[in-house]
Amino acid sequence: MSTFTIDTSTSRATPSPVPGKRMTAPSIRARKVPEGDGFKTEPPIVMLTAYTMRMAQLLDPHCDMLLVGDSLGQVIYGLPSTIPVTMEMMCAHGAAVVRGSWHALVAVDMPFGSYEASPEQAFASASRIMKETGCAAVKLEGGEAMAPTIAFLTRRGIPVIGHVGLTPQAVNILGGYGARGRGDEEAEKIRIDARMVDDAGAFCMVLEGVVDTLASEIARSIGCPIIGIGASADCDGQVLVTEDMLGLFERTPRFVKRYDDLAARIGEAARIYAEEVRSRSFPTAEQTYRPKS
Ligand code: KIV
């Protein structure tokens with residue numbers, strides 16, 4: 001496992017030992033290969049969200065991809081949904097994550113309103129994100145309706161991650177964040193969306209909040225890697241919001257496994273610090289400067 005030191009003049013992480021080349025869109029796409037009458041991906045693709053330089057450093061050695069998700073709206077900015085997230089937010093956090101990583105492919109979410117109007121609008125926004133952050137891919141939500149945009153971007157040198165099933169930027173149309181694909185009609189729409197995003201040239205796609213039988217069928221039948229979140233263990237990889245899996249929030253969605261209980265541990269550390277400040281037992285001689293003798 002790599003360890004990192006920071007060059008304080010540039011804030012650039014210097015891993016030791018220096019890892020090999022970064023993961024690329026073609027290397028992620030090539031992980032999925034034909035097998036029998038379907039496809040398989042070995043080993044599965046590991047993806048987590050990251051919004052800051054330091055979190056990127058910690059996650060990078062373990063991940064194939066880091067996603068600067070627009071979930072930062074809720075997680076970092078306390079917004080009620082991803083709808084108000086701006087290009088400025090995505091560019092600032094995207095650049096920080098690229099500075100903090102060496103190994104993983106960094107993908108940045110295109111925020112709501114920055115790509116839906118036309119392929120040309122999407123190209124202007126995606127190229128700005130890539131120039132300002134140094135990321136290697138963008139992610140955008142939507143199936144059939146976004147397929148021409150995905151094709152437009154990929155033909156112009158922009159690797160795209162699709163996102164179908166539950167698409168949080170469409171919360172006002174969907175009416176909530178519940179699982180998708182329970183009824184036949186909705187399941188068929190998700191199948192068509194996934195196929196069209198793949199045909200349009202996305203190098204992989206996120207499949208969110210989809211019943212597991214449908215997710216498993218899509219993963220087996222679609223050519224590009226399917227990264228599940230609240231989908232199925234049969235997906236070609238998995239992604240979670242890092243703060244969710246670290247237990248930073250009291251409420252955990254059903255599809256999240258908590259690998260730690262950071263909220264409780266941070267609360268306890270802050271409680272002890274406050275107690276020591278109030279009792280003047282912090283700082284001690286160990287944490288104070290003394291005149292030269
Ligand atoms: O915004 C985000 O973090 C995402 C993931 C949950 C897939 O889109």
Side-chain angles (χ1 to χ4, degrees), residues 28 44-52 55-56 59 63-87 89-94 96-97 104-116 125-126 129 133 135 137-143 146 150 159-171 174 176-180 190 193-194 197 202-210 215 218-219 224-232 235-246 248-249 251-259:
I28 297 289
I45 295 159
V46 180
M47 189 185 206
L48 281 169
T49 60
Y51 317 119
T52 63
M55 190 61 90
L59 304 178
C63 292
D64 299 305
M65 292 194 278
L66 292 174
L67 173 65
V68 187
D70 61 354
S71 51
L72 63 72
Q74 292 104 314
V75 176
I76 301 284
Y77 290 93
L79 295 168
S81 73
T82 55
I83 307 284
V85 170
T86 64
M87 283 287 284
M89 291 174 188
M90 297 313 301
C91 287
H93 289 275
V97 169
L105 177 149
V106 176
V108 175
D109 258 344
M110 298 187 68
F112 179 68
S114 72
Y115 63 94
E116 301 89 333
S125 301
I129 289 172
T133 68
C135 74
V138 296
K139 177 166 82 59
L140 58 84
E141 295 183 9
M146 282 302 125
I150 294 171
V160 177
I161 301 180
H163 186 155
V164 304
L166 171 61
T167 47
Q169 292 177 7
V171 63
L174 301 175
Y177 297 102
R180 317 297 300 165
I190 295 170
D193 281 344
V197 166
F203 72 93
C204 67
M205 90 183 77
V206 168
L207 183 65
E208 178 166 359
V210 168
I218 288 174
C224 76
I226 304 293
I227 314 295
I229 173 164
S232 159
C235 288
D236 304 294
Q238 300 291 327
V239 58
L240 282 177
V241 169
T242 298
E243 285 73 1
D244 280 342
M245 72 97 172
L246 292 178
L248 257 172
F249 297 103
R251 193 189 148 276
T252 313
R254 176 186 161 81
F255 57 83
V256 172
K257 178 173 174 188
R258 289 170 76 138
Y259 289 83

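Residue indices begin at 1 and follow the sequence shown. Order of listing sets the numbers, starting from 1, for every ligand and every atom in it.
Note: no N/O pair closer than 3.5 Å links T49 and ligand 1 by distance alone.
Every atom of ligand 1 is numbered from 1 in the order shown, and the set under 4.0 Å from a heavy atom of I229 is 6 (C). Residue-ligand proximity, G69 to ligand 1, at heavy-atom distances under 4.0 Å covers atoms 1 (O), 2 (C), 3 (O). In summary, the atoms of ligand 1 found under 4.0 Å from a heavy atom of H163, numbered by their order in the structure, are 8 (O). Against a heavy-atom cut-off of under 4.0 Å, D109 is close to the following atoms of ligand 1: 1 (O), 2 (C), 8 (O).
In this structure, atom 5 (C) of ligand 1 lies nearest to the protein heavy atom L67 CD2, 3.7 Å. Of all protein heavy atoms, the one closest to atom 2 (C) of ligand 1 is S71 OG, 3.2 Å. Here the heavy atom of the protein found nearest to atom 8 (O) of ligand 1 is K139 NZ, 2.9 Å.
Contact check for P253 versus R251: side-chain heavy atoms found under the 4.5 Å cut-off. Side-chain contact between V160 and M146 is absent, with no heavy atoms from C-beta onward closer than 4.5 Å. Using a 4.5 Å cut-off on side-chain heavy atoms (C-beta onward), F112 and V85 make no contact.
Using a 4.0 angstrom heavy-atom cutoff, E141 does not count as in contact with ligand 1.
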Test side chain to side chain contact (heavy atoms under 4.5 Å, CB included) applied to L105 and D64, step by step: CA-CA 6 Å; L105 177 149; D64 299 305; over 6 Å; no
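Here the CG atom belonging to L66 is positioned 12.0 Å from the SG atom belonging to C135, to the nearest 0.5 angstrom. Taken to the nearest 0.5 Å, the CD1 atom of I129 stands 11.0 Å off from the NZ atom of K139. Of the inter-residue distances, the one linking M47 atom CE with L67 atom CG reads 4.5 Å to the nearest 0.5 angstrom.
With a heavy-atom cut-off of 4.0 Å, T82 does not touch ligand 1 at all.
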